[in-house]
Amino acid sequence: MKVRESGMPEAGLWHTFFDPEAILGAMGLTGNVRDAVDFGCGYGTFAIPAAKRIQGTLHGFDIDPAMIKASRRLAEQENAHNVRLHLRDFVTEGTGLDAASVDYVMLFNILHTEDPLRLLREASRILLPGGYVGAIHWNYDPETPRGPPMAMRPRPEDCRRWIEEAGFLIEKEHIHLPSYHYGVLARKKHV
Ligand SMILES: C[S@@+](CC[C@H](N)C(=O)[O-])C[C@H]1O[C@@H](n2cnc3c(N)ncnc32)[C@H](O)[C@@H]1O
């Protein structure tokens, strides 16, 4: 089931909204991360630069074949050989990745989904203890040039509450990601 309001504008326009390197750095996607997962990789805007930062494999998931194709093209252009792309509906099927197998889950511009806890619980399942979940979203501001309708756009405090409900420990509760985004970073508890 495709997440509501998750269609993408044309790639050139989408890429004007972000500074992916600055955002990935601020969200802790560094060379210390081994394997990472991007839920809804879209054009690969963040997945491919993330792949170039991490030690292991970047798993990118998307329901839209055109997005998987675009991400694959970008990975090839960028010589990112550690990318595995999965054409899959993570809402109804999950990721299919092993439990406790990855270090970082990216939930970028996707938590306006109908059931954010479902995604966060799947993120928790696949993360190693101490692993990170990073969520970014459009500022809660009707003036942003894009983003879900305000009625379904999460506020930072919504993201934090869902993340905590899914059992994570908040590490950074509000990361400013100019020009139009904010981030929340959390860790899976050690048992
Ligand atoms: C708003 S875009 C964000 C793309 C990327 N995370 C970014 O920030 O550039 C959301 C993406 O999630 C994908 N998507 C929506 N519902 C999905 C589902 N149920 N399973 C897998 N991918 C999904 C869409 O096709 C789209 O590419």
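Reckoned from all heavy atoms, side chains included, excluding hydrogens, waters and symmetry mates. Counting starts at 1 for both ligands and their atoms, following the listed order.
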How far apart are the C-alpha atoms of His181 and His137, what are their side-chain angles, what is the distance that settles it, and do they pass the side-chain hydrogen bond (donor to acceptor under 3.5 Å, both in side chains) test?
-> CA-CA 5 Å; His181 286 72; His137 224 308; 5.7 Å; no
Min heavy-atom dist Tyr43 to ligand 1 below 4.0 Å | no
Atom 16 (N) of ligand 1: which protein heavy atom is closest, and how many Å away?
-> Val3 N, 2.9 Å
At a non-hydrogen distance cut-off of under 4.0 Å, which region of Thr45 contacts ligand 1 (side chain, backbone, both, or neither)?
-> side chain
Heavy atom of Met106, distance to ligand 1 below 4.0 Å | no
Heavy-atom donor-acceptor pair, Lys52 side chain to Glu78 backbone, under 3.5 Å | yes
Would you tell me whether Arg153 and Tyr140 have side-chain atoms, one donor and one acceptor, within less than 3.5 Å of each other?
-> no
With atoms numbered from 1 as shown, which atoms in ligand 1 lie under 4.0 angstrom from a non-hydrogen atom of Asp64?
-> 25 (O)
Do any nitrogen or oxygen atoms of Phe90 come within less than 3.5 Å of a nitrogen or oxygen of ligand 1?
-> yes
Provide, to 0.1 Å, the distance between atom 2 (S) of ligand 1 and the closest protein heavy atom, together with that atom's residue and name.
-> Met8 SD, 3.2 Å
Contact (N/O only, under 3.5 Å) between Phe108 and ligand 1 = yes
Asp62 side chain to Gly42 backbone, donor-acceptor under 3.5 Å = yes
Quick one: nearest non-hydrogen protein atom to atom 14 (N) of ligand 1, plus distance?
-> Ile63 CG2, 3.8 Å
Dump the intermediate steps for side-chain hydrogen bond (donor to acceptor under 3.5 Å, both in side chains) on Thr95 and His59, then the final yes or no.
-> CA-CA 9 Å; Thr95 60; His59 295 271; over 6 Å; no
When you look at Trp138 and Tyr182, which way does the ring pair (Phe, Tyr, Trp, His ring centres under 6.0 Å) test go after all the steps?
-> CA-CA 7 Å; Trp138 291 91; Tyr182 65 87; over 10 Å; no
Numbered atoms of ligand 1 (with element) below 4.0 Å of Arg88, judged on heavy atoms | 20 (N), 21 (C)
Test item: Val83 and Thr57 side chains (from C-beta on) under 4.5 Å apart, heavy atoms | no
Taking atom 13 (C) of ligand 1 as the point of reference, which of Thr113, Asn109, Asp62 owns the nearest heavy atom?
-> Asp62
If hydrogens are left out, which of Gly42, Pro9, Gly40 has an atom nearest to atom 5 (C) of ligand 1, that is, the closest non-hydrogen atom?
-> Gly40
Presence of salt bridge, Arg161 and Glu165, under 4.0 angstrom = yes
Going by the order shown, which atoms of ligand 1 are within less than 4.0 Å of some heavy atom of Val91?
-> 19 (N)
If you scan protein heavy atoms around atom 15 (C) of ligand 1, the nearest is Ser6 OG, 3.2 Å
Check each heavy atom of Lys2 against ligand 1 and say whether those closer than 4.0 Å belong to the side chain, the backbone, both or neither.
-> both
Give yes or no for whether the N/O distance cutoff of 3.5 Å, strictly under, is met between Trp14 and ligand 1.
-> yes
Short list, please: which atoms of ligand 1 are under 4.0 Å from a heavy atom of Phe46?
-> 7 (C), 8 (O), 9 (O)
Any side-chain heavy-atom pair of Phe168 and Tyr132 under 4.5 Å = no
Which segment of Ile110 sits under 4.0 Å of ligand 1 when only heavy atoms are counted | side chain
Go through the steps to decide whether Glu76 and Arg73 satisfy the test salt bridge (charged side-chain N to carboxylate O under 4.0 Å, His left out), and finish with yes or no.
-> CA-CA 5 Å; Glu76 283 165 11; Arg73 196 177 319 119; over 6 Å; no
Arg34 side chain to Tyr104 main-chain N or O, any donor-acceptor pair under 3.5 Å?
-> no
